Amino acid sequence: MKILVPVKRVVDYNVKVRVKSDGTGVETNGVKMSMNPFDEIAVEEAVRLKEKGIATEIVAVSLGIPACAETIRTALAMGADRGILVETDVELQPLAVAKLLAAIAAKEQPGLMILGKQAIDDDMSATGQMLAAFLGWPQGTFASQLTFADGGITVKREVDGGMETVALSLPAVITTDLRLNEPRYASLPNIMKARKKPIETLKPADLGVDPTPRLKVLKVVEPAKRKAGVKVADVAELVMKLRTEAKVI
Amino acid sequence: MTTPDHEDVRVAVRKLCEKFPGEYWRALDRDRAYPQEFVAALTESGFLAALIPEDFGGAGLKLSAAAAILEEIHRAGGNGGACHAQMYMMGTLLRHGSDAQKQRYLPQIAAGSVRLQAFGVTEPTSGTDTTSIRTFAARDGDSYVVNGQKVWTSRAEHSDLMLLLARTTPPEQVAKRGDGLSVFILDMRTAVGLTIRPIRTMMNHATTEVFFDNTRIPSENLIGEEGRGLRYILSGMNAERILIAAECVGDAKWLIDKATTYARDRVVFGRPIGQNQGIQFPIARAYANVRAAELMVREACRLFEAGENCGAEANMAKMLAADASNEAANVCLQTHGGFGFAEDFDVERKFRETRLYQVAPISTNLILAYLAEHVLGLPRSY
């Protein structure tokens, strides 16, 4: 089975994000960029499935500026076999990404697509669901465990209030939750091997997709600063303040 | 595909280092303990075998790749000092060892099953005046018998082999002071008459003094020819200096990041302290100096990789980078005010750690003396 894993280049999770002074977005100039952590979990899961003999080939896909090739290279060093870069300067929104990925899926015919449940930059959590809809495939989102049996897949998913288990037929779309696995870091020999693995470059037009944004960002602002707290002497004062000042009880 | 800046390697090292955050290094620092888990992770991932040729099981990468690995470790707030010698010390063996010696040791060093990261050179009575060392290796049948003492032998307790420099001909019997010294591979796992005593220092660096009391080394463990050891050692010094310069660049970048973040967030008198030129200018100057040092490290790497003489550049890279990291440490501590002295901020730890490179592996004065004499043609001053 072939697995397709989309990987997104985002501001590293350790970086304290700063809003651009003109309010058009966040500062990415000179900022450390990394693979979206949920996508790392997706790559790790695919590599484990290959190690178990369930997957035969892993294709890492990234969409965006040429530097996204670095993100693909990271996936290749973790164990993906080849890469596809869809190069565009256009700001990509989930709908366009889902369309592009659906077009790649039509071309590549994977048995499974594993995506991060969301990207840590815009936190949309929309691409996997839209992609499944475009393809007409079943989806198992927020997966924390995958079990393969009888040509299908059982997905344990994290939902509000507990765990839900769904059974899907293949091909299917999976999106990863934080607890699915703990991604490995690449070893030097695997980085060396990754340098020789191929990355195919395409344009959105090659896939017949118009990636123009449908949503317009009006303004990006920093969240309101947290106010300093107050110290209370005892429980009685706390209850009093919650009632009279905070008015929550 | 070639990646001149080794970005793919850097990304992987950063990822690895994320598993070893400030708390990890802080706890080790408190106990003066060796970073076993960190060194194991680096070893398992093959990073310490970066420079070993592929034929011997390494990655066969150039010096700039090793520099990138060490810079990233320090950039992440960690310290490569516990294991950086495992990367480059094998260079003497690789360049001057026999085929049998290379076959015997290099694959095991590449796999990490044998550690060669202790270098017995400096002695209490000789300092940097290496030709005046007194540790003597006397030939006796098919072995050498070693007597003497070494000091500042880093990682001797965490290494299986030691690269040992000893006199094999008394100084009065050789034509040039640099002659009559020989290099050996001493297997410390089986050595008899060897005593290693740790020395507690101002930072967590596993350094020791080592005593040899009739310690026998089989003559097959002599590297190259007897009496030519100094040259073999010197040829490895440039790599060491360049790699330590890269660590200083990493330290400086970490310190500048830390200072910048604090200056931006810390509000006093109703505004971020980084808005004051008295705070921001020293940080900006430290940044400019580290970038300049970084360029010299690159130039030294380029010359080294081209097989050209890089003695001056390797020395300058080490001096400039150590100065830049020392300046950055000072600025970072000053920016943090009282909090810089609190262990939880890691600033005081880095301040202590990076101070070492004003002195090791070569003191700044000796670098200046080298430049004055060998580059500028001024009379020898020492």
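Any value given below was found using the heavy atoms of this structure, including those in side chains, with hydrogens, waters and symmetry copies removed. In this text the structure is predicted, and so the values were computed from the model without any measurement. In what follows, chains carry the letters A, B, and so on, assigned in the order in which the sequence lines appear, proteins first and then strands, with residues in each chain numbered from 1.
- No more than 12 heavy atoms of other residues, nucleotides or ligands shown are found within 6.0 angstrom of CD on A/Glu182.
- Annotation for B/Arg285: atom CZ does not count as buried by contact number, only 12 or fewer foreign heavy atoms lying within 6.0 Å.
- Here the shortest heavy-atom pairing between A/Tyr185 and B/Ser45 reads CE1-OG, 3.2 Å.
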Please determine whether side-chain contact (heavy atoms from CB on, under 4.5 Å) holds for the pair A/Arg195 and B/Val9, giving the CA-CA distance in whole Å, both sets of side-chain angles, and the decisive distance to 0.1 Å.
CA-CA 10 Å; A/Arg195 288 183 179 179; B/Val9 176; 3.5 Å; yes
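- A salt bridge is absent between B/Arg10 and A/Glu70: the closest approach of a Lys/Arg side-chain nitrogen to an acidic carboxylate oxygen does not fall below 4.0 angstrom.
- If you measure heavy-atom distances from B/Asp257 to chain A, you find no contacts under 4.5 Å at all.
- When the heavy atoms of residues 15-47 of chain A are compared with those of chain B, the residues falling under 4.5 Å are A/Lys16, A/Arg18, A/Lys32, A/Glu40, listed by number.
- Contact annotation: the side chain of A/Ile191 never approaches that of B/His6 to less than 4.5 Å [non-hydrogen atoms, C-beta and beyond].
- Environment of CZ in B/Phe20: crowded, with over 12 heavy atoms of neighbouring residues, nucleotides or ligands closer than 6.0 Å.
- Among all heavy-atom pairs drawn from B/Gly46 and A/Pro189, the shortest one is CA-CD, 4.3 Å.
- Heavy atoms closer than 4.5 Å to chain B are found nowhere in A/Asn190, neither backbone nor side chain.
- Remark: B/Lys62 NZ is loosely packed, at most 12 non-hydrogen atoms of other residues, nucleotides or ligands lying under 6.0 Å away.
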Would A/Asp12 and B/Arg14 satisfy side-chain contact (heavy atoms from CB on, under 4.5 Å), going step by step from the backbone distance to the final call?
CA-CA 11 Å; A/Asp12 187 88; B/Arg14 265 176 230 150; over 6 Å; no
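- The environment of A/Lys2 atom NZ is dense: over 12 non-hydrogen atoms of other residues, nucleotides or ligands sit within 6.0 angstrom.
- Shown here is B/Gln334, whose CD atom has no more than 12 heavy atoms of other residues, nucleotides or ligands within 6.0 Å.
- Heavy atoms of B/Glu18 lying under 4.5 Å from chain A belong exclusively to its side chain.
- Proximity to chain B is absent for every atom of A/Ala77, based on heavy atoms less than 4.5 angstrom apart.
- Annotation: the span from B/Leu42 atom CG to A/Ser187 atom OG amounts to 12.0 Å, rounded to 0.5 Å.
- Residue contact with chain A, scored on non-hydrogen atoms closer than 4.5 Å, involves the backbone and the side chain of B/Ala41 alike.
- Of the inter-residue distances, the one linking A/Leu188 atom CG with B/Leu48 atom CG reads 9.5 Å to the nearest 0.5 angstrom.
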